[in-house]
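Notes to accompany the following structure.
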Amino acid sequence: MNERVKVVVEAVVASVQAALVDKQVTELEYRTAVRYLMKIAEERETALLCDVFFNSTVVATKARTSQGSTPAIEGPYYRDDAPFVGERLKTYDTDDHKPLLIKGTVRGADGNLVDGVTIDVWHSTPDGKYSGFHDNIPTDFYRGKLRVGAGGGFRVLTTMPVPYQIPNKGPTGALLEIMGGHSWRPAHVHFKVKAPGFETLTTQYYFEGGDWVSDDCCHGVDSRLVIPDAVEDGARVMNIDFVIEPAHAQSGVGA
Ligand code: MBD
Ligand code: FE
């Protein structure tokens, strides 16, 4: 018996039941919805569907109490098995590729340097795919782990990601369109900042002036995560000073 599971699942079930009553959902609609969920699973979009609707809500709860940098949604395309990288991520360099320099620092919430930090970075290809998930793009492309130097700094070159469209051929994107919405996310770069004794910071950053920054289908944008338009050495630059907070005791479901 797990009390936390009981409390959360009962509350979720009650809110779904209330919606079914309120909207007078019919047997046919219910069966159609169940079939849709089975299709979501068959096409391996369960994580995508959940992230579109619920990840930003869970992140907002964490953001309210964090003393560190603003967290953001992880999305479905993180790979823990990405390799450590040197000064640039592997990319397929096409004619229209635009360089992006990602750099910055990592400190604890007390302002001190932190030992043993690694930063996972991942972003889409210029045509909106994620390595390790789509089109057999090898997992060491467009993603990698960075080591943070003794002075707290990090720096890596890559190419600009583009706005990401959740595949609208799949059931998740199709659902958004059936509902009269769209399935676009603004161009973004994902980060996971890890260090022993610190909470892992999962976040993503966006580009000022980019399409969909103010209309993200996943509701993942916070103004603190929008990077000003700046260029350095001919590359668009994403300059981020991460702040991570000391580990707190875990409670609840799972570890
Ligand atoms: C993504 O690339 C993403 O970051 C999120 C949150 C959801 C779908 C696709
Ligand atoms: Fe993403």
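Position 1 is the first residue of the sequence; numbering continues from there. Start at 1 and go down the list; that is how both ligands and their atoms are numbered.
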**Request:** Find out whether Tyr77 and Arg79 are in side-chain contact, i.e. whether some heavy atom of one side chain is under 4.5 Å from a heavy atom of the other.
**Result:** no
**Request:** Please indicate whether any nitrogen or oxygen in Tyr77 is less than 3.5 Å from any nitrogen or oxygen in ligand 1.
**Result:** no
**Prompt:** Mind checking whether the Fe ion (ligand 2) has an N, O or S of His123 under 2.8 Å?
**Reply:** no
**Message:** Please list, in number order, the atoms of ligand 1 under 4.0 Å from a heavy atom of Leu48.
**Reply:** 8 (C)
**Heavy atom of Gly220, distance to ligand 1 below 4.0 Å** = no
**Any side-chain heavy-atom pair of Ser56 and Asp216 under 4.5 Å** = no
**Asked** To which protein heavy atom is atom 3 (C) of ligand 1 closest, and what is the distance rounded to 0.1 Å?
**Response** Arg185 NH1, 3.5 Å
**Message:** For a distance under 2.8 Å, tell me if Tyr130 has an N/O/S atom near the Fe ion (ligand 2).
**Reply:** yes
**Item:** Validation row: His190, Tyr205 side chains within 4.5 angstrom (heavy atoms)
**Value:** no
**Prompt:** Are any non-hydrogen side-chain atoms of Cys217 and Leu176 less than 4.5 angstrom apart?
**Reply:** yes
**Message:** If you round to 10 degrees, what value do you get for the angle at the Fe ion (ligand 2) between His190 atom NE2 and His188 atom NE2?
**Reply:** 90°
**Asked** Under 3.5 Å, N or O to N or O, is Tyr164 touching ligand 1 that way?
**Response** no
**Message:** Quick check on salt bridge (Lys or Arg N to Asp or Glu O under 4.0 Å): which of Lys145, Arg143, Arg147 does Asp120 satisfy it with?
**Reply:** Lys145
**Message:** Any donor-acceptor pair under 3.5 Å linking the side-chain atoms of Asp222 with those of Thr70?
**Reply:** no
**Request:** For ligand 1, note which part of Ser124 has a heavy atom under 4.0 Å away: side chain, backbone, both or neither.
**Result:** neither
**salt_bridge(Asp80, Lys194) N-O dist < 4.0 Å** = yes
**Asked** Taking only heavy atoms of Cys218, which atoms of ligand 1 are found under 4.0 Å from at least one of them?
**Response** 7 (C)
**Prompt:** Taking N or O atoms only and a 3.5 Å limit, does His190 qualify as a polar contact for ligand 1?
**Reply:** yes
**Request:** Taking only heavy atoms of Ile73 into account, list the atoms of ligand 1 that are under 4.0 Å away from them.
**Result:** 6 (C)
**Request:** In plain terms, say whether Glu232 and Lys103 are close enough for a salt bridge, that is, a side-chain N and a carboxylate O under 4.0 Å apart.
**Result:** yes
**Prompt:** For Val7, which fellow cluster members are found when Ile, Leu, Val, Met, Phe, Trp and Tyr are connected by side-chain heavy-atom distances below 4.5 angstrom, either directly or through intermediates?
**Reply:** none
**Message:** Show me which atoms of ligand 1 lie under 4.0 Å from any heavy atom of Tyr130.
**Reply:** 2 (O)
**Prompt:** Which of the atoms of ligand 1 are close to Gly75, meaning less than 4.0 Å from one of its heavy atoms?
**Reply:** 5 (C), 6 (C)
